[in-house]
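What's counted below: heavy atoms across the whole structure, side chains too, no hydrogens, waters or symmetry copies.
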Amino acid sequence: MKLNINYHNLLDIINLNFNVYDPVEEFVSKKDFLSIVKNFSLLDGTFFPMPIFMDISKDFYKKSKDVKFLRLFFKSKRVCNLNIKSFYKVDKKVVGKKIFKTTDLRHPGLKKFLKSGDYFIHGKISNFNNQIMKKFNFSYPNKIKRTIKKKKLKTIVGFHTRNVPHKAHEWIHNFALTKCDGLLIQPLIGQFKKNEYKEKIIIKTNKKLVNNVYKKKNIIFALLNSYPRYAGPREALLHSIIRRNYGCSHFMLGRDHAGVGNFYAKYASQNMCKRYEKKMKISIIAFNEPYICSSCNKIVNKSCKRCFKITKKFISGTSIRKLIKKKRDIPNIYMRKSISRILNPRSII
């Protein structure tokens, strides 16, 4: 039986197939789903923070409830087969509150989850069509691991972003290299909200920074082709595990990693990841948000010893995008010219 899937389903299938979500290798069972939500672990006790699921409508469930496997398609292209182990339902309001820590429907992650299908499939991927990867922006974990090994980097820290790189990011990159031998700059690409950067712009600008500005053997560029869940601390745990699967020994977390609006407390993601650091088997590097010290016109993340008076000015990605949309120049203290000259109003969704 044929099932047409959406883009997020496609990304999850690809990431399951290439072990990006290891130890999860399939769309989870009901018992694992509920255990992940309640205990941050699979039913067997293995740590994992986010349920990876395939949802279907009630109508499709009625048609497919007796079949043993589905043929999955995305935009008329065969993706894989899904060997069905079971169908199930969960109380999405209860589960959604636990995952996103809110019942506020203005939360984009919760809103999307509540609109998902009535039923979920516990199933394993088979007969994956590798041809679909030819025009797909994707970094293979095994290939990145081989690169890290070839460069003889004993410690490497992962850096996650959904943005065009600005000067605060550059401060973070430099800080990272004081802690580890190498740095993996790995932007998240996938579907984004309106008024955010287009995928191709995120790739182009971060790649330019790595290849044309930094030009260092110990800085590696890769992509995480997933999608923002906006689940704050819980999603930060997932991002940490993913970086472990890409060969990182360390992962960096900023002020509001994977957050949205004011739904999560400042540094909540850092605190959560430090709590589960040993279970995730990756070291967490936490840091205070860098800002511009207007007294000495440089970026710091704590009071400058040479300054008598500190006036903090944080570099906001939102404010930079507003300047771009108004066709205004971006100050050099915010973003280097070689990056900002790439940007224009068409760079934003």
Side-chain angles (χ1 to χ4, degrees), residues 1-75 77-92 94-96 98-100 109-110 112-130 132-133 136 138 141 190-191 224-229 231 234-235 237-239 241-242 245:
M1 190 170 183
K2 181 179 178 180
L3 172 63
N4 293 312
I5 61 173
N6 62 38
Y7 190 57
H8 286 185
N9 296 148
L10 175 65
L11 296 181
D12 279 338
I13 288 168
I14 290 169
N15 285 321
L16 285 170
N17 188 67
F18 292 105
N19 300 316
V20 174
Y21 296 150
D22 185 63
V24 172
E25 299 176 341
E26 61 186 23
F27 290 111
V28 297
S29 67
K30 181 174 183 177
K31 288 182 178 179
D32 278 329
F33 192 120
L34 295 177
S35 179
I36 289 168
V37 171
K38 182 180 179 181
N39 303 315
F40 293 84
S41 68
L42 301 171
L43 195 62
D44 66 5
T46 304
F47 184 86
F48 202 78
M50 289 287 295
I52 308 299
F53 59 83
M54 170 70 74
D55 62 292
I56 55 172
S57 68
K58 185 177 181 179
D59 287 341
F60 188 83
Y61 166 72
K62 289 179 179 179
K63 296 174 185 177
S64 63
K65 62 182 179 179
D66 295 321
V67 303
K68 298 299 181 183
F69 77 93
L70 296 170
R71 294 177 295 115
L72 306 188
F73 286 76
F74 178 73
K75 292 185 176 180
K77 291 186 178 180
R78 188 184 73 81
V79 177
C80 65
N81 292 342
L82 185 64
N83 300 320
I84 299 171
K85 297 183 178 181
S86 66
F87 296 94
Y88 61 92
K89 297 179 75 174
V90 298
D91 188 328
K92 290 195 291 186
V94 172
V95 167
K98 288 182 179 179
I99 293 174
F100 299 101
L110 175 64
K112 182 179 181 298
F113 177 69
L114 294 179
K115 286 185 176 181
S116 63
D118 294 309
Y119 286 83
F120 298 88
I121 302 175
H122 174 206
K124 192 169 183 64
I125 296 162
S126 66
N127 297 325
F128 180 80
N129 178 16
N130 282 292
I132 65 174
M133 301 302 293
F136 207 76
F138 186 79
Q191 291 184 350
L224 171 56
N225 205 327
S226 185
Y227 52 91
R229 292 165 169 84
R234 190 182 282 266
E235 188 173 358
L237 294 170
L238 177 64
H239 290 163
I241 288 173
I242 287 171
N245 293 335

Show which side-chain atoms of residues 34-42 pair as donor or acceptor with protein atoms under 3.5 Å away, not counting sequence neighbours.
{"unit_1": "Ser35", "atom_1": "OG", "unit_2": "Ser41", "atom_2": "O", "d": "2.7"}
{"unit_1": "Ser35", "atom_1": "OG", "unit_2": "Leu42", "atom_2": "O", "d": "3.4"}

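- Of the N and O atoms on the side chains of Asp44 and Thr46, at least one donor lies less than 3.5 Å from an acceptor on the other residue.
- Note that CG of Asn19 is 12.0 Å distant from CD1 of Ile242, once rounded to the nearest 0.5 Å.
- Rounded to the nearest 0.5 angstrom, Phe73 CZ and Leu10 CG are separated by 13.0 Å.
- Minimum heavy-atom separation, Pro51 to Ile99: CG-CD1, 4.0 Å.
- Put simply, the side chain of Ser29 gets close to the backbone of Asp32: a donor and an acceptor are under 3.5 Å apart.
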### Task
Quick one: do Phe74 and Ile132 satisfy side-chain contact (heavy atoms from CB on, under 4.5 Å)? Show the steps, please.
CA-CA 10 Å; Phe74 178 73; Ile132 65 174; over 6 Å; no
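- Within the 4.5 Å cutoff, side-chain heavy atoms of Phe136 are placed close to those of Ile14.
- With respect to Arg229 and Asp12, a salt bridge is recorded, a charged nitrogen being found less than 4.0 Å from a carboxylate O.
- Scanning all heavy atoms of the two residues, the minimum distance from Asn15 to Asn225 falls at ND2-O, 3.0 Å.
- Between Asn127 and Arg78, some side-chain heavy-atom pair lies under the 4.5 Å cut-off.
- Inter-residue side-chain proximity for Asn17 and Cys80 is flagged as unmet; no heavy-atom pair is nearer than 4.5 Å.
- Atom CD1 of residue Ile56 and atom NZ of residue Lys62 lie 12.0 Å apart, to the nearest 0.5 angstrom.
- Considering only heavy atoms from C-beta on, Val20 stays 4.5 Å or farther from Asn245 through its side chain.
- Side-chain contact check for Met50 versus Leu237: every heavy-atom pair is 4.5 Å or farther apart.
- In this structure, Phe48 and Pro23 approach most closely via the heavy-atom pair CD1-CD, 3.8 Å.
- Here the options are Asn81, Asn4, Asn129, Ile5, the test is side-chain contact (heavy atoms from CB on, under 4.5 Å), and the partner is Leu72; only Ile5 passes.
- Residue Lys2 places its NZ atom among more than 12 non-hydrogen atoms of other residues, nucleotides or ligands, all under 6.0 Å distant.
- Put simply, the side chain of Leu82 does not reach to within 4.5 Å of the side chain of Phe69, judged on heavy atoms.
- Atom NZ in Lys112 sits 8.5 Å away from atom CZ in Phe100 (nearest 0.5 Å).
- Under the 4.5 Å side-chain criterion, counting only non-hydrogen atoms from C-beta, Glu25 is in contact with Lys124.
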### Message
Pair Phe27, Ile121 - check side-chain contact (heavy atoms from CB on, under 4.5 Å), show working.
### Response
CA-CA 7 Å; Phe27 290 111; Ile121 302 175; 5.7 Å; no
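- With rounding to the nearest 0.5 Å, the separation of CD1 in Ile13 from CD1 in Ile52 is 12.0 Å.
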Solution key, residues 83-90 side-chain donor-acceptor pairs under 3.5 Å, sequence neighbours excluded:
{"unit_1": "Asn83", "atom_1": "ND2", "unit_2": "Ser126", "atom_2": "OG", "d": "3.2"}
{"unit_1": "Lys85", "atom_1": "NZ", "unit_2": "Glu26", "atom_2": "OE1", "d": "2.9"}
{"unit_1": "Lys85", "atom_1": "NZ", "unit_2": "Glu26", "atom_2": "OE2", "d": "3.4"}
{"unit_1": "Tyr88", "atom_1": "OH", "unit_2": "Val28", "atom_2": "O", "d": "2.8"}

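- Residues Phe60 and Tyr119 are not in side-chain contact: their nearest non-hydrogen atoms beyond the backbone lie 4.5 Å or more apart.
- In terms of the ring pair (Phe, Tyr, Trp, His ring centres under 6.0 Å) criterion, residue partners of Tyr227 (sequence neighbours excluded) are, by chain and number, His8.
- Atom CZ of Phe33 is separated from atom CZ of Phe53 by 5.5 Å, given to the nearest 0.5 angstrom.
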### Task
For side-chain contact (heavy atoms from CB on, under 4.5 Å), just list the numbers for Lys92 and Phe113, CA-CA rounded to whole Å, side-chain angles, deciding distance to a tenth of an Å, and then say yes or no.
CA-CA 8 Å; Lys92 290 195 291 186; Phe113 177 69; 3.8 Å; yes
